[in-house]
Undergrad: 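Below is a structure I'd like to ask you about.
Because only heavy atoms are used, hydrogens play no part in the values below, and waters and symmetry mates are left out as well, while side chains stay in. Note that the coordinates shown come from a computational prediction; the quantities given were computed from them, not determined experimentally.
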Amino acid sequence: MSIQNIDNVTRRNFIGGMFSASAFVLATDLLPQFAWGDTNENHGKAAAAALKPSLYLGLEPDGTVFIVTHRSEMGTGIRTTLPMVAADEMEADWSKVKIEQAIGDERYGDQNTDGSKSIRGSFVPFREAGAAARLMLTRAAAAQWKVPESECSAVNHVVTHTPSGKKLGYGELAVAAGKLPVPKSSELKLKARSEWRYIGHTAKDPKAIADMKDITSGKAIFGMDAKVEGMVYASIERPPVMGGKVQSLDDKAALQVKGVSQTVSIPPFKPPYTFQPLGGVAVVANSTWAAFQGRKKLKVEWNNGDNATHDSERYKAELLETAKKPGKVVRNLGDVDAAFSKGKIVEASYYVPLLAHATMEPPVAIASFKDGKVEAWVPTQNPQAVQDTVAKALGIKVSDVTCHVTLLGGGFGRKSKPDYVAEAALISKSVGKPVKVVWTREDDIKFDYYHAVAGMYHKASLDDKGKVTGWLHRSVFPSISSMNDEKSLYGFDVEYGMGLNDMPFDIPNQRAENGPAKAHVRIGWLRSVANIYHVFSGLSFADELAHAAGRDSLEYQLELLGAGKVLNLEAQGVGKYWNYGESLDRYPFDTRRLRKVLEIAADKSGWGKKKSGNGWGMGVAVARSFTSYVAAVVEVEVDKAGKIRIPKSYMVVDAGTVVNPERVVSQFEGAAVMGAGIALTGEISLADGRVQQGNFNNYQVPRMAQAPIQTDVHIVESNELPGGVGEPGVPPYVPAFANAVFAATGKRVRELPFSKAKLV
Amino acid sequence: MIKLKVNGRERSFDGDPDMPLLWYLRDELSMTGTKFGCGIGQCGACTVHRNGEAIRSCSTSMKELAGKTVVTIEGLSPTGDHPLQKAWAQGNVPQCGYCQTGQIMQAAVLLKKIKKPSDKEIEDGMAGNICRCGTYQRIRAAIKTAAKEMA
């Protein structure tokens with residue numbers, strides 16, 4: 001999800017006519033010496049192939065199929081999954097498929113790998129690319145045999161003339177097929193679901209993850225591992241307070257360090273902060289270590305600016321206070337105030353602190369400025385944003401920036417923001433050599449685009465049967481929109497449409513409000529974004545209401561959902577509902593699917609069979625996000641010292657049609673771990689405008705023993721359109737975990753992380 | 001001059017003796033399978049073997065390696081099919097993959113010391129290795145698979 005790409009992705013038709021080989025500039029002269037290993041970029045191979053029916057696919061006469069992945073691989077398996085789609089429609093033999101990682105290029109359309117939309121956005125174009133290849137190969141064979149096309153069939157890399165039994169391999173047909181006109185979309189016959197050989201199945205060989213062998217043998221090339229000829233290394237001392245500037249610099253001692261060649265000043269950003277570098281002083285050296293050592297010797301005095309008094313404790317109190325006052329109304333249905341005039345009233349405030357992404361691979365980038373052009377090798381989720389950002393920073397044309405995409409050692413939204421690439425490009429321009437900027441873990445934790453801190457207030461009224469008659473949810477958070485507008489105080493439809501104005505419960509009187517908050521750090525998006533705080537508070541509060549009504553939480557959530565229907569949110573008090581960039585016609589909001597995942601979760605987890613309490617408990621929550629429907633059940637044990645263990649979790653997901661179920665399962669296992677970490681220990685805090693955490697010793701993430709021990713993932717069989725997969729597991733997991741802790745201990749944790757709560 | 005053996009090959013180093021082994025492996029030998037994750041021995045992504053023990057190469061200086069034998073992921077198995085590597089593939093363990101070489105190197109020492117580790121022994125043995133993608137349950141299972149094959 002990015003600010004620029006929140007509108008419906010324009011679905012360009014890539015079939016036919018859009019490709020010209022000469023448009024591809026082959027930039028092999030600077031290909032990193034060791035950079036790609038067997039994780040070969042294969043740059044330009046599809047475009048240079050004999051048969052190329054689409055930007056995404058090329059077939060060579062030796063039978064090799066190059067399939068282009070224009071999305072970034074950060075652990076979701078997309079480098080494997082997208083090619084599965086095209087290979088299936090092509091009837092390609094998977095063993096003959098090679099993957100080409102795309103450079104940044106606007107002709108691919110949106111390449112920003114976030115918002116859980118790679119399959120949603122690319123399923124159709126990749127199917128069409130494969131189907132076009134299959135049709136052209138069939139036509140070429142029919143022409144060669146002088147038989148009707150209808151008598152030929154293409155199966156697993158071979159075209160057969162059924163009546164005569166004559167066969168031709170795809171490779172043998174590549175050149176002839178390449179001379180045929182590329183068929184129009186309307187001519188293509190897509191395979192029936194029953195004919196899919198890869199989509200919805202999981203290859204049993206190691207190709208289940210295309211990069212498996214490289215990863216386990218250390219040959220996989222992440223951004224941190226890339227190298228280019230003549231490269232130097234840089235480490236940057238950045239302003240400790242957001243918006244600070246260098247007041248004075250003494251770099252004499254730094255320049256004395258062996259291997260250090262020079263220092264380079266990086267100008268502070270011009271507000272708003274967008275994707276600009278934070279500024280500071282770079283130390284350039286002939287090794288990473290020398291750059292780190294030189295940096296330690298810098299003497300910099302800072303003009304810290306307005307954010308130097310920012311303090312998380314005070315800010316927290318302000319957010320929670322603001323949440324108690326009326327805010328901007330973002331959903332209004334019925335008459336909440338009238339509902340609150342009678343019945344039992346329940347109120348609660350919730351808090352979620354700032355979070356850092358902490359990808360295992362810290363931000364890193366290589367950029368080479370030469371003759372007014374930049375070539376970059378980057379672990380980026382968004383290579384086109386790299387092009388735009390670098391072009392702007394250096395005052396050059398977007399088309400003069402080439403961005404190669406390496407594997408990413410984790411992304412989670414951090415690597416959609418290419419500030420670190422602009423740093424490398426600016427330094428390269430200054431030193432006249434390719435530069436690799438390496439962020440330390442401390443840089444990563446202290447200079448992130450943080451997931452927003454949020455204060456929430458909930459109020460509800462219950463009638464004498466325990467039924468909810470009114471629901472108020474107020475949310476106050478520094479908005480992602482501060483990225484593009486430094487005066488921003490309010491959120492926008494993307495943040496509202498993540499668990500605030502699309503709360504799915506069938507309650508006649510509802511109001512959602514957003515109060516003002518100013519950003520004092522860079523705010524960005526992190527896996528599942530505003531759902532993290534909205535669904536945590538909303539589904540924790542639902543559990544509180546179940547308790548207040550004396551009801552079982554799972555049954556109560558089903559009751560709150562009502563019989564189930566397609567919601568018409570805009571008619572139900574929501575001004576504008578963004579629906580994750582999709583139309584409501586294609587991706588309706590269907591609460592029957594929420595009911596179904598809850599019901600399956602109840603069954604799979606044996607919900608209600610064992611009584612909670614005495615340090616053991618189960619919690620449940622359900623949410624729709626990124627157009628997918630997910631229920632989570634978490635089982636916890638809390639010992640007498642208050643130590644929490646999560647022996648078992650259950651995730652039930654309805655993500656519509658799934659392409660690579662094995663990778664879907666792994667995403668939900670991972671979401672459980674990330675959700676557990678957010679709940680247990682996730683917290684970034686500031687004092688005097690400075691981030692207080694700096695590494696995994698004080699920004700703790702789950703290790704094996706703290707992580708959920710076993711997560712069972714159940715995928716609901718569905719013929720619906722594909723939904724998101726990477727993010728939707730996190731939102732319900734966090735409240736399900738909190739509800740489990742309540743069930744086990746009777747302690748309601750309303751402020752994250754749990755590590756600050758007294759559970760015993 | 002510091003002499004050491006890396007993946008069976010004699011090497012000599014005459015740079016800054018305080019430089020961690022990690023940067024020697026990555027920047028000088030171009031063995032990038034050993035990863036930089038935290039720089040302070042907190043995450044285990046840089047795990048290698050020194051005389052058969054798992055160490056954090058990000059916080060082990062070159063002077064601590066004189067006369068020692070170092071094995072990195074590149075040297076664990078010449079064909080990349082150590083029982084752990086096979087078990088990792090069989091269980092589709094990795095997501096992004098960045099931490100996995102360190103996980104495998106740590107697990108290799110764990111299995112050398114404990115032939116059939118219990119869940120608790122796996123948790124303790126792997127406690128220094130962070131996976132941010134959350135592949136822990138598959139790591140646990142893959143270690144058990146490899147232990148069976150090695151038995």
Undergrad: Below 4.5 Å from any heavy atom of chain B, which atoms of A:Tyr699 appear? Answer side chain, backbone, both or neither.
TA: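 Contact with chain B is through the side chain of A:Tyr699 alone.
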Undergrad: Could you tell me whether A:Glu669 and B:Arg138 have a side-chain N and a carboxylate O separated by less than 4.0 Å?
TA: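 Yes, charged N to carboxylate O under 4.0 Å.
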Undergrad: Checking B:Arg50 side chain against B:Glu64 main chain: does a donor-acceptor pair fall under 3.5 Å?
TA: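 Indeed, once roles are kept as given, a pair shorter than 3.5 Å links the two residues.
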Undergrad: In terms of side-chain geometry, is the basic nitrogen of B:Lys35 or A:Asp225 positioned less than 4.0 Å from the acidic oxygen of its partner?
TA: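 Yes, charged N to carboxylate O under 4.0 Å.
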Undergrad: Is the shortest side-chain N to carboxylate O distance from B:Glu149 to B:Lys86 below 4.0 Å?
TA: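 Counted as a salt bridge, because a side-chain N and a carboxylate O are separated by less than 4.0 Å.
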Undergrad: Is A:Met674 close to chain B through its backbone or its side chain, or both, or neither, when contacts mean heavy atoms under 4.5 Å?
TA: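 The answer is the side chain of A:Met674.
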Undergrad: Between B:Glu123 and B:Ser118, do the side chains contain an N or O donor and an N or O acceptor separated by less than 3.5 Å?
TA: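 No, no side-chain donor-acceptor contact under 3.5 Å.
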Undergrad: Need one label for B:Trp88: side chain, backbone, both or neither, based on atoms under 4.5 Å from any heavy atom in chain A.
TA: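 Both parts, heavy atoms under 4.5 Å.
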Undergrad: Charged N to carboxylate O below 4.0 Å: is that the case for B:Arg132 and A:Glu361?
TA: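 A salt bridge is absent here (no side-chain N lies under 4.0 Å from a carboxylate O).
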Undergrad: Among A:Gly677, A:Ala705, A:Pro708, which has the most heavy-atom pairs under 4.5 Å with chain B?
TA: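 Maximum pair count with chain B is reached by A:Ala705.
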Undergrad: Given the rule in the ring pair (Phe, Tyr, Trp, His ring centres under 6.0 Å) test, do B:Phe36 and B:Trp23 qualify, once you have shown the distances and angles that lead to the verdict?
TA: CA-CA 9 Å; B:Phe36 171 50; B:Trp23 300 111; 5.0 Å; yes
Undergrad: So, A:Gln693 and A:Gln700: side-chain donor and acceptor under 3.5 Å apart, yes or no?
TA: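 There is no such pair between these side chains.
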Undergrad: What residue, out of B:Ser77, B:Pro20, B:Ala45, B:Gly128, has the most heavy-atom pairs lying under 4.5 Å from chain A?
TA: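 Most heavy-atom pairs under 4.5 Å with chain A: B:Pro20.
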Undergrad: Can you tell me which of B:Cys96, B:Ala141, B:Gly44 forms the most heavy-atom pairs within a distance under 4.5 Å of chain A?
TA: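 Heavy-atom pair counts peak at B:Cys96.
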Undergrad: Report yes if the side chains of B:Arg56 and B:Thr47 come closer than 4.5 Å at any heavy-atom pair, otherwise no.
TA: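 They are in contact (side-chain heavy atoms under 4.5 Å apart), so the answer is yes.
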Undergrad: Using a cut-off of under 4.5 Å for heavy-atom pairs, which of B:Gln90, B:Arg26, B:His82, B:Glu74 has the most such pairs with chain A?
TA: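 That would be B:Arg26.
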Undergrad: Taking A:Ile445, A:Thr288, A:Leu408, A:Thr440 one by one, which has the highest count of heavy-atom pairs under 4.5 Å against chain B?
TA: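 Result: the option with the highest number of such pairs is A:Thr288.
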Undergrad: What residue among A:Asp443, A:Asp448, A:Asp114 forms salt bridge (Lys or Arg N to Asp or Glu O under 4.0 Å) with A:Arg414?
TA: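 Testing A:Arg414 for a salt bridge (Lys or Arg N to Asp or Glu O under 4.0 Å) against A:Asp443, A:Asp448, A:Asp114 leaves exactly one candidate, A:Asp448.
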Undergrad: Heavy-atom cut-off 4.5 Å, strictly under: side chain, backbone, both or neither for A:Glu442 against chain B?
TA: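 Side chain only.
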Undergrad: Between A:Thr711 and A:Tyr650, do the side chains contain an N or O donor and an N or O acceptor separated by less than 3.5 Å?
TA: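 On atom types as modelled, these side chains do not qualify, holding no pair under 3.5 Å.
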Undergrad: Quick check on the interface: out of B:Pro94, B:Gly39, B:Gly80, who has the most heavy-atom pairs with chain A under 4.5 Å?
TA: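 It is B:Pro94.
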Undergrad: So what's closer than 4.5 Å to chain A heavy atoms on B:Thr34: side chain, backbone, both or neither?
TA: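 Looking at B:Thr34, nothing touches chain A.
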Undergrad: Counting only heavy atoms closer than 4.5 Å, note whether B:Arg140 contacts chain A via side chain, backbone, both or neither.
TA: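 Answer is both: backbone and side chain atoms of B:Arg140 are under 4.5 Å from chain A.
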Undergrad: Can you tell which part of A:Val665 gets under 4.5 Å to a heavy atom of chain B, answering side chain, backbone, both or neither?
TA: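 Both backbone and side chain of A:Val665 come within 4.5 Å of chain B.
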Undergrad: Using non-hydrogen atoms and a 4.5 Å limit, figure out which bit of A:Asn695 sits close to chain B: side chain, backbone, both or neither.
TA: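 The side chain, not the backbone.
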Undergrad: Counting heavy-atom pairs closer than 4.5 Å to chain B, which one of A:Ala707, A:Gly410, A:Ser287, A:Ala358 comes out on top?
TA: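 It is A:Ala358.
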Undergrad: Please flag which part of B:Ile122 lies under 4.5 Å from any non-hydrogen atom of chain A: side chain, backbone, both or neither.
TA: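 Its backbone and side chain both get close to chain A.
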Undergrad: Chain B heavy atoms under 4.5 Å from A:Val438: which part of the residue, side chain, backbone, both or neither?
TA: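 Contact with chain B: side chain only.
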Undergrad: Please classify the contact of B:Leu76 with chain A as side chain, backbone, both or neither, using a heavy-atom distance under 4.5 Å.
TA: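 No part of it gets close to chain A.
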Undergrad: Top residue by heavy-atom pair count (under 4.5 Å) with chain A, among B:Cys133, B:Gly33, B:Gly37, B:Cys131?
TA: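 Of the options given, most contacts go to B:Gly37.
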Undergrad: Grab the two heavy atoms, one from A:Lys446 and one from A:Gly694, that are nearest each other, plus how far apart they are.
TA: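 Scanning both residues, the minimum pair turns out to be CE-CA, 4.2 Å.
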Undergrad: Given that the side chain runs from C-beta out, which part of B:Asp16 has a heavy atom under 4.5 Å from chain A: side chain, backbone, both or neither?
TA: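 The side chain, not the backbone.
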